[in-house]
Amino acid sequence: MGALYEPTSPEYKKARKQYYKSVRNRPHEDPNWTPFRAAEKHFKARFPPPDLSNVLDLATLDPSREAEIKTGGWRGNCAIEGIQHTQLKQARSRAFVVPHIPGLVVLPSYVCHERQKELIRWAIAEHAKPPTETNLDIHHAIPEQGVWEAWLQSRDDPSQDPMAIPKAVVGSPPGEPSGPRQLINNEPASPASYTALAHADKIPQAPSPTVKPVPTSTLLHKLRWANLGWFYHWGTKQYDFAKGPDAIDPRVRTLCRDAVHSVDWSEVFDGCEGDWGEEGADWKTWSDTYEPDAGIVNFYQTKDTLMGHVDRSEVCATSPLVSISLGNAAVFLIGGTTRESPPTALLLRSGDVVIMSGPACRRAYHGVPRILEDTLPPHLRNEDDPGWGAFQEYMNATRINVNVRQVFPKGFDPGKELSKGPVSEAQCNTDIYYTEPIQARETG
Ligand SMILES: O=C(O)CCC(=O)C(=O)O
Ligand SMILES: [Fe+2]
């Protein structure tokens with residue numbers, strides 16, 4: 001990254017040229033941008049590289065992470081107003097809260113180096129392959145071995161690369177017309193709307209008729225997400241409860257439960273009552289009731305972004321969402337319940353865990369406007385681990401985020417609710433608007 005700040009370097013000149021080309025026909029800043037949009041634009045900028053002095057970088061408090069920070073050269077700041085330190089109950093690492101977003105807890109370096117490798121191996125080699133649903137399944141019939149195994153095989157012997165046949169050719173059932181996907185403002189799920197949402201049609205997206213057969217290995221770098229637990233239906237942005245759930249891998253479950261149980265929630269929510277809904281402040285029972293049952297594994301390549309959004313498809317609006325960062329670092333923005341609140345920017349590095357919980361945070365706008373290039377930390381570049389070489393090669397330009405949620409609140413019995421039968425058509429209106437441009441996650 002250093003070269004990007006050096007005006008005589010080829011990297012600087014290339015970025016400057018691309019920048020002037022890209023802004024020729026459009027304004028640099030738009031007065032109509034919301035504070036969230038303006039922050040996204042700031043961090044996306046390739047030239048000049050974004051100023052990270054207002055980005056909370058908790059790694060800078062930890063001398064053992066200096067080598068990580070040096071890799072890539074991106075450095076944020078630990079002296080951001082209002083950030084407070086809170087003691088974890090059991091763990092070796094510390095936790096930080098952001099008092100103006102009650103319920104946001106950051107656990108820097110929570111996942112140890114070995115466990116980071118284990119999770120990366122799990123995400124790419126074990127999890128992101130049939131029968132787990134991934135973005136690749138929409139248009140291609142993925143061979144059973146999955147894209148990772150196909151890529152490994154073709155590295156050794158390029159003739160060993162099975163073709164991924166387009167789904168349209170295989171003859172999958174008719175579905176929703178495909179085309180550029182648009183952002184859908186889904187109705188927030190709640191115990192009251194659950195039956196209507198569960199009965200609403202979940203038509204699979206139709207595979208594109210123009211997709212061509214491709215060697216399976218070439219799809220590895222097009223992998224963007226893999227489902228976790230309850231099946232998510234992207235067309236309606238609601239869970240398809242008729243299908244699920246899939247089990248959450250015990251390693252992921254344990255990590256999330258340990259993280260949630262290690263936080264002293266009475267300290268986090270001290271003095272903030274907020275709108276907890278009918279059941280009241282449920283953090284008091286999370287030690288018994290927190291149970292991850294859904295989520296997504298996100299695979300970002302360095303130019304990918306995730307637009308600001310709210311995760312509101314889970315029936316429980318307050319239970320912790322646990323988000324684990326692996327590989328390259330990223331800028332993560334989190335604001336309030338509208339895009340009008342100026343967001344706080346966090347620099348998330350490999351091993352960091354973010355917990356979003358409670359009424360003010362769980363449904364706050366958040367997004368990932370920037371993956372910070374060349375930030376794969378030294379412990380994931382480990383040359384003397386013979387089995388790691390292929391993973392390192394893939395991870396060089398990748399960030400993985402394991403984003404784990406709890407769909408149902410304590411005491412909610414989805415089976416019993418569904419057995420009450422379908423609701424009327426009027427109640428089934430899930431309020432879907434096609435108003436905004438594509439969400440980057442869906443298009444890469
Ligand atoms: O990648 C991240 O850190 C956040 C991902 C996210 O917000 C999501 O999957 O909904
Ligand atoms: Fe999200």
Side-chain angles (χ1 to χ4, degrees), residues 36 39-40 43-44 55-58 101 103-108 110-111 116 119-120 123 127-128 133-135 183-186 188-189 223-230 232-234 237-239 248 252 256 259 292 294-314 316-317 319-337 339 343-357 361-372 375 395 398-407 439-444:
F36 198 99
E40 288 180 313
F43 290 112
K44 272 183 184 176
V55 179
L56 177 66
D57 185 359
L58 292 167
I101 313 179
L104 178 64
V105 183
V106 188
L107 293 82
Y110 183 75
V111 187
Q116 289 176 36
L119 282 174
I120 291 169
H127 186 65
E133 261 178 29
T134 73
N135 64 302
L183 191 65
I184 294 163
N185 276 336
N186 56 338
L223 177 68
R224 291 294 177 272
W225 55 261
N227 194 74
L228 203 58
W230 286 106
Y232 197 67
H233 179 256
W234 290 87
K237 289 205 157 197
Q238 302 294 350
Y239 287 95
I248 302 285
V252 174
C256 294
I296 183 166
V297 182
N298 294 296
F299 298 87
Y300 298 85
Q301 300 298 294
T302 31
K303 296 238 162 97
D304 291 341
T305 61
L306 176 60
M307 242 175 94
H309 66 280
V310 173
D311 295 307
R312 56 184 160 210
S313 309
E314 293 72 30
C316 187
S319 178
L321 177 156
V322 179
S323 169
I324 307 161
S325 291
L326 301 163
N328 278 271
V331 176
F332 176 78
L333 294 177
I334 178 155
T337 49
R339 288 191 177 87
T344 296
L346 312 179
L347 204 162
L348 298 181
R349 298 180 185 273
S350 197
D352 294 348
V353 167
V354 170
I355 304 184
M356 293 166 64
S357 69
C361 175
R362 179 60 181 78
R363 288 187 176 177
Y365 271 89
H366 61 281
V368 182
R370 182 69 172 241
I371 306 297
L372 298 170
T375 48
M395 289 307 293
T398 304
R399 169 177 183 257
I400 297 180
N401 170 259
V402 188
N403 203 276
V404 192
R405 304 147 191 203
Q406 173 165 8
V407 174
Q439 189 181 14
R441 169 167 39 216
E442 290 153 348
T443 60

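Counting convention: from 1, in listed order, for ligands and their atoms alike. Sequential numbering from 1 along the given sequence is applied to the chain's residues.
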Checklist entry - At a 4.0 Å threshold, what atoms of ligand 1 neighbour a non-hydrogen atom of Arg399? => result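 Within the 4.0 Å cut-off of Arg399, ligand 1 contributes 1 (O), 2 (C), 3 (O).
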Item to check | Atoms in ligand 1 flagged as close to Tyr300, the criterion being non-hydrogen separation under 4.0 Å | outcome: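 So the atoms of ligand 1 that pass are 1 (O), 2 (C), 4 (C), 5 (C).
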Checklist entry - What atoms in ligand 1 come closer than 4.0 Å to a heavy atom of Ile296? => result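 Those atoms are 9 (O).
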Checklist entry - Can you check whether Asn401 has an N/O within less than 3.5 Å of an N/O in ligand 1? => result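 Yes, there is a polar N/O contact under 3.5 Å.
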Checklist entry - Can you tell me how far CD1 of Ile101 sits from CE of Met356, rounded to the nearest 0.5 angstrom? => result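 Here the rounded value is 9.0 Å.
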Next on the checklist: What is the name of the N/O/S atom of Asp311 that is nearest to the Fe ion (ligand 2)?
Outcome noted: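 Minimum-distance N/O/S atom of Asp311 relative to the Fe ion (ligand 2) is OD2.
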Checklist entry - Does Trp225 have a non-hydrogen atom less than 4.0 Å from ligand 1? => result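 Trp225: no contact with ligand 1 (<4.0 Å).
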Next on the checklist: Taking the basic N atoms (NZ, or NE/NH1/NH2) and the acidic carboxylate oxygens, is any pair closer than 4.0 Å for Arg224 and Asp304?
Outcome noted: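 Salt bridge present between Arg224 and Asp304.
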Checklist entry - Looking at OH of Tyr365 and OG1 of Thr337, how far apart are the two atoms once the value is rounded to the nearest 0.5 Å? => result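 Result: 8.5 Å between the selected atoms.
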Next on the checklist: Give the atom numbers and elements of ligand 1 that come within less than 4.0 Å of a heavy atom of Asp311.
Outcome noted: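 Counting from 1, the qualifying ligand atoms are 10 (O).
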Next on the checklist: Could you tell me, atom by atom, which parts of ligand 1 come under 4.0 Å of a heavy atom of Asn298?
Outcome noted: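 Listed by number with element, the hits are 5 (C), 8 (C), 9 (O).
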Next on the checklist: Could you check, using the six-membered ring where one of them is a Trp, whether Tyr232 and Trp234 have ring centers closer than 6.0 angstrom?
Outcome noted: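 Yes, the ring centres sit under 6.0 Å apart.
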Next on the checklist: I need the contact type for Leu306 against ligand 1. Using non-hydrogen atoms and a strict under-4.0 Å cut-off, is it side chain, backbone, both or neither?
Outcome noted: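 Just the side chain.
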Checklist entry - For the residue pair Val106 and Leu58, what are the closest heavy atoms and their distance? => result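 That closest heavy-atom pairing would be CG1-CD1, 3.7 Å.
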Checklist entry - With atoms numbered from 1 as shown, which atoms in ligand 1 lie under 4.0 angstrom from a non-hydrogen atom of Arg405? => result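 Reading through ligand 1 atom by atom, the close ones are 8 (C), 9 (O), 10 (O).
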Next on the checklist: Could you tell me if the side chain of Met395 sits less than 4.5 Å from the side chain of Ile120, heavy atoms only?
Outcome noted: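 Ile120 vs Met395: side chains touch.
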Checklist entry - Which of the atoms of ligand 1 are close to Val368, meaning less than 4.0 Å from one of its heavy atoms? => result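 Contacts of ligand 1 toward Val368, numbered from 1: 1 (O), 2 (C), 3 (O), 4 (C).
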Checklist entry - Measuring from the heavy atoms of Met356, does anything fall under 4.0 Å of ligand 1? => result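 No, Met356 has no heavy atom closer than 4.0 Å to ligand 1.
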Checklist entry - Are any of the side-chain nitrogens in Arg362 or Glu314 under 4.0 Å away from the carboxylate oxygens of its partner? => result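 Here Arg362 pairs with Glu314 in a salt bridge, since their nearest N and O are under 4.0 Å apart.
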Item to check | Steps toward side chain to side chain donor-acceptor pair (under 3.5 Å) verdict (Asp352, Ser325) | outcome: CA-CA 6 Å; Asp352 294 348; Ser325 291; over 6 Å; no
